[in-house]
Chemist: 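The following block contains the structure, expressed as C-alpha cells.
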Amino acid sequence: FEIVFYVFSSVLAYLDFKKFIVPNNILLTFIIMLVIYGLFENRLNINSFLISLAVLIFFSGLILVNRKMVLGGGDIKYMMVVAIFMEPILFPFFLIITGIVQSIFLIFAQVIQKKQIAAMIPAMFLSVLISNWLYTSSFFPF
C-alpha cells in the first residue's frame, strides 16, 4: 500500500517538477492500485473517501469563484489521492505542513529562480513524508 503510494508519487512529483503536468492516466492507475492494495491490506477508511470528496467540492467551489486561481487540476486530484492514502486524523496536519512547504517552494521559485509558478505536487509529497514521519514518531500529539 505504502510502496504503491511512494512510487507513483515520486513519478508524479518528477513530472510536475520538470514539465508542470500531471497525466490523468497515471493518476487513474495510481488510484486503482491504491484502492486494490488498500483493500488487500485492509487500510482503506470510509472517512478518507469522504475527506477526498470534501477536497473535491471545496476546490471546485474555489475554482468557480476565482477563475484565476493558481492551483491546478492535477494538484487537486493528487490531494484527493493523498486523502485516501492518509489516516483521517492525520489529514489536517498534512494540510498545515503542506501550506508551510508550499509557501517555501513558492518563495524559492519566485525569489531565487525568478519564476512565477512552482510545482506543487513535490511540495505535497514532501508534506506527506513529513506528516507520516511525525505520525510515527513521538512528536505527534494525538
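One-based numbering along the sequence shown. The basis for the numbers below is simple: all heavy atoms, side chains too, and nothing from hydrogens, waters or symmetry mates.
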Chemist: Indicate yes or no: at least one non-hydrogen side-chain atom of Leu53 is less than 4.5 angstrom from one of Met80.
Modeler: no
Chemist: Do Met79 and Met120 have side-chain heavy atoms sitting under 4.5 Å apart?
Modeler: no
Chemist: Can you name the nearest heavy-atom pair linking Ile84 to Leu34, along with the distance?
Modeler: CG2-CD2, 4.3 Å
Chemist: Looking at every non-hydrogen atom in both residues, tell me the closest pair between Ser131 and Ile97 and how far apart they are.
Modeler: OG-CD1, 3.6 Å
Chemist: Would you check if the side chain of Ser60 reaches a backbone N or O of Ile57 as a donor-acceptor pair within less than 3.5 Å?
Modeler: no
Chemist: Does any part of the side chain of Phe30, heavy atoms only, come nearer than 4.5 Å to the side chain of Leu27, both counted from C-beta?
Modeler: yes
Chemist: Could you tell me whether the side chain of Ile51 reaches within less than 4.5 Å of the side chain of Pro88, counting heavy atoms only?
Modeler: yes
Chemist: On a heavy-atom basis, which atom in Ala123 and which in Val101 lie closest, and how many Å separate them?
Modeler: O-CG1, 3.6 Å
Chemist: Can you list everything that forms a side chain to side chain contact (heavy atoms under 4.5 Å, CB included) with Leu28? Sequence neighbours excluded, please.
Modeler: Ile31, Ile32
Chemist: Would Phe93 and Tyr135 satisfy side chain to side chain contact (heavy atoms under 4.5 Å, CB included), going step by step from the backbone distance to the final call?
Modeler: CA-CA 9 Å; Phe93 293 103; Tyr135 186 63; over 6 Å; no
Chemist: Ser52 side chain to Ser48 main-chain N or O, any donor-acceptor pair under 3.5 Å?
Modeler: no
Chemist: Is the shortest side-chain heavy-atom distance between Val82 and Phe5 below 4.5 Å?
Modeler: yes
Chemist: Heavy-atom distance under 4.5 Å between the side chains of Leu90 and Asn132, does that happen here?
Modeler: yes
Chemist: Is there a side-chain contact between Met124 and Asp75, using heavy atoms and a 4.5 Å cut-off?
Modeler: yes
Chemist: Taking the six-membered ring for Trp, is the centroid-to-centroid distance between Phe91 and Phe94 below 6.0 Å?
Modeler: yes
Chemist: With ring centroids as reference points, do Phe85 and Phe1 lie under 6.0 angstrom apart?
Modeler: yes
Chemist: Is a side-chain donor or acceptor of Asp16 paired with a backbone partner of Ile121 at a separation under 3.5 angstrom?
Modeler: yes
